[in-house]
Student: 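Quick one: the structure is below, questions incoming.
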Amino acid sequence: MSMCVHSNSPLIRETRIAIADDHPVIRHAVASAISRIAGMRIAASVASGTELLDALQTGEWHLIVTDLLMYGEQADRDGLHLVTRLKRLYPAIPLMVFTMVQNRDILHELDQMQVAGIVSKSESIGVFMEAVLDVAVHRQPFRSASVQDILRGPDIATLDPVVRSSLTARELEVIRLYGAGLSLTEIAARLNRSISTVATQKSKAMRKLGIETNADMIRYAQANRLIQ
């Protein structure tokens with residue numbers, strides 16, 4: 001049985017939404033859910049941060065929904081870099097992050113950036129629809145239940161949380177990409193930094209975390225769900 005949700009918005013005749021996710025199945029599921037909300041339409045469905053930034057240059061937009069990790073992207077077009085850029089370029093458009101990331105540090109960073117919505121892909125489609133209505137129509141911030149649990153709960157890793165909290169966003173990005181299997185040269189090219197800068201950030205992160213080997217860093221990234 002199909003279900004239609006009425007947005008009851010007197011201000012916007014049609015809510016135009018842009019979504020970015022590198023998984024076609026996710027984009028299809030989101031489009032299907034959005035189509036059940038009266039007055040809302042997916043006006044752009046793209047597979048990367050680059051395509052999202054291009055799409056947003058034309059037309060009027062009322063909501064941006066993006067995945068956090070879309071591999072193969074360049075600097076400022078993936079992860080926290082993309083979110084920062086979207087917030088800077090389109091401060092008036094609500095931004096919702098729809099992600100599998102469950103790392104407390106990264107979710108805390110998104111929360112501190114005042115992203116309008118953060119929803120875990122582990123939640124039901126009904127939760128996603130609720131988030132869309134709260135963020136796009138009622139202009140209320142939304143954190144899904146699992147995201148709230150992670151933000152409020154204890155750190156996943158056994159390492160000292162005080163030490164872990166001292167990691168910078170750039171150091172976290174280096175750890176995430178290294179854990180995903182990229183070399184320092186590839187990380188430098190992707191983040192538009194010098195190899196020496198990336199190597200320094202990696203060394204600082206390892207020192208703060210008390211990690212001595214590259215293998216331990218990869219295990220840390222996996223244990224803290226920094227990679228999908």
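All values reported here derive from a predicted model rather than from experimental measurement.
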Student: Hey, what do you get for CD1 (I175) to CD1 (I187), rounding to the nearest 0.5 Å?
Tutor: 10.0 Å
Student: Can you name the side-chain contact (heavy atoms from CB on, under 4.5 Å) partners of S120, sequence neighbours left out?
Tutor: S122, E123, S144, S146, V147
Student: Residues in salt bridge (Lys or Arg N to Asp or Glu O under 4.0 Å) with E109, at least two apart?
Tutor: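 Counting only residues at least two positions away or on another chain, E109 forms no salt bridge (Lys or Arg N to Asp or Glu O under 4.0 Å).
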Student: Return each pair, listed once, that meets ring pair (Phe, Tyr, Trp, His ring centres under 6.0 Å) where at least one residue sits in residues 98-130; pairs must be two or more places apart or across chains.
Tutor: F98-F128
Student: Salt-bridged, E173 to R176, with N to O below 4.0 Å?
Tutor: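 Salt bridge present between E173 and R176.
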Student: Any side-chain heavy atom of L95 within less than 4.5 Å of one from V83?
Tutor: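 Of all side-chain heavy-atom pairs linking V83 with L95, at least one is under 4.5 Å.
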Student: Can you give me the closest heavy-atom contact between V46 and R27, atom names plus distance?
Tutor: O-CD, 3.2 Å
Student: Can you list the residues that meet the side chain to side chain donor-acceptor pair (under 3.5 Å) rule with T84, with sequence neighbours excluded?
Tutor: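 So T84 forms no side chain to side chain donor-acceptor pair (under 3.5 Å) with any residue.
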Student: Does the S32 side chain pair with the main chain of H28, one donor and one acceptor, at a distance under 3.5 Å?
Tutor: no
Student: Looking at CD1 of I150 and CD1 of I118, how far apart are the two atoms once the value is rounded to the nearest 0.5 Å?
Tutor: 10.0 Å
Student: Check whether any side-chain heavy atom of I17 sits under 4.5 Å from a side-chain heavy atom of I64, and report yes or no.
Tutor: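 With C-beta onward as the side chain, the pair stays apart.
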Student: Side chains of R170 and L191, heavy atoms from C-beta outward: is any pair under 4.5 Å?
Tutor: no
Student: With sequence neighbours left out, write down each residue that passes salt bridge (Lys or Arg N to Asp or Glu O under 4.0 Å) with D111, or none if nothing qualifies.
Tutor: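 Counting only residues at least two positions away or on another chain, D111 forms a salt bridge (Lys or Arg N to Asp or Glu O under 4.0 Å) with R143.
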Student: Using side-chain heavy atoms (C-beta onward) and a distance below 4.5 Å, is T15 in contact with R41?
Tutor: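 Counting from C-beta outward, T15 and R41 never come under 4.5 Å.
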Student: Measuring from atom CG of L177 to atom CG of L172, what distance do you get when rounded to the nearest 0.5 angstrom?
Tutor: 11.0 Å
Student: Indicate yes or no for a side-chain donor-acceptor contact from R16 to the backbone of H62 under 3.5 Å, with no hydrogens or angles considered.
Tutor: no
Student: With heavy-atom distances below 4.5 Å as the criterion, would you say the side chains of I37 and L133 are in contact?
Tutor: yes
Student: E51 side chain to A47 main-chain N or O, any donor-acceptor pair under 3.5 Å?
Tutor: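 Such a contact is found between E51 side chain and A47 backbone.
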Student: Evaluate the side-chain proximity of L86 to L53: yes if any heavy-atom separation is below 4.5 Å, no if none is.
Tutor: yes
Student: Could you check whether atom NZ of K204 has more than 12 heavy atoms from other residues, nucleotides or ligands sitting under 6.0 Å from it?
Tutor: no
Student: Let me confirm one number: the OH-NZ distance from Y178 to K202, rounded to the nearest 0.5 Å.
Tutor: 4.5 Å
Student: For T58, what residues pass the side-chain contact (heavy atoms from CB on, under 4.5 Å) criterion, not counting sequence neighbours?
Tutor: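 Per chain and number, T58 pairs via side-chain contact (heavy atoms from CB on, under 4.5 Å) with no residue.
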Student: Tell me, please, which residues at least two apart from S196 pass side-chain contact (heavy atoms from CB on, under 4.5 Å).
Tutor: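 S196 satisfies side-chain contact (heavy atoms from CB on, under 4.5 Å) with S194 once adjacent residues are dropped.
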Student: Please enumerate all residues that pass side-chain contact (heavy atoms from CB on, under 4.5 Å) together with S124, with sequence neighbours excluded.
Tutor: V127
Student: Does L63 reach the side chain of I19, with side-chain heavy atoms less than 4.5 Å apart?
Tutor: no
Student: Going from CD1 on I26 to NZ on K121, what distance comes out if it is rounded to the nearest 0.5 angstrom?
Tutor: 4.5 Å
Student: Picking from V115, D134, V119, what satisfies side chain to side chain contact (heavy atoms under 4.5 Å, CB included) with M96?
Tutor: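 Going through the options one by one, the only one that passes is V119.
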Student: Looking at side-chain heavy atoms only, is the closest gap between M217 and M206 below 4.5 Å?
Tutor: yes
Student: Quick one: pull up CG in L110 and CG in L68 and give me the separation to the nearest 0.5 Å.
Tutor: 5.5 Å
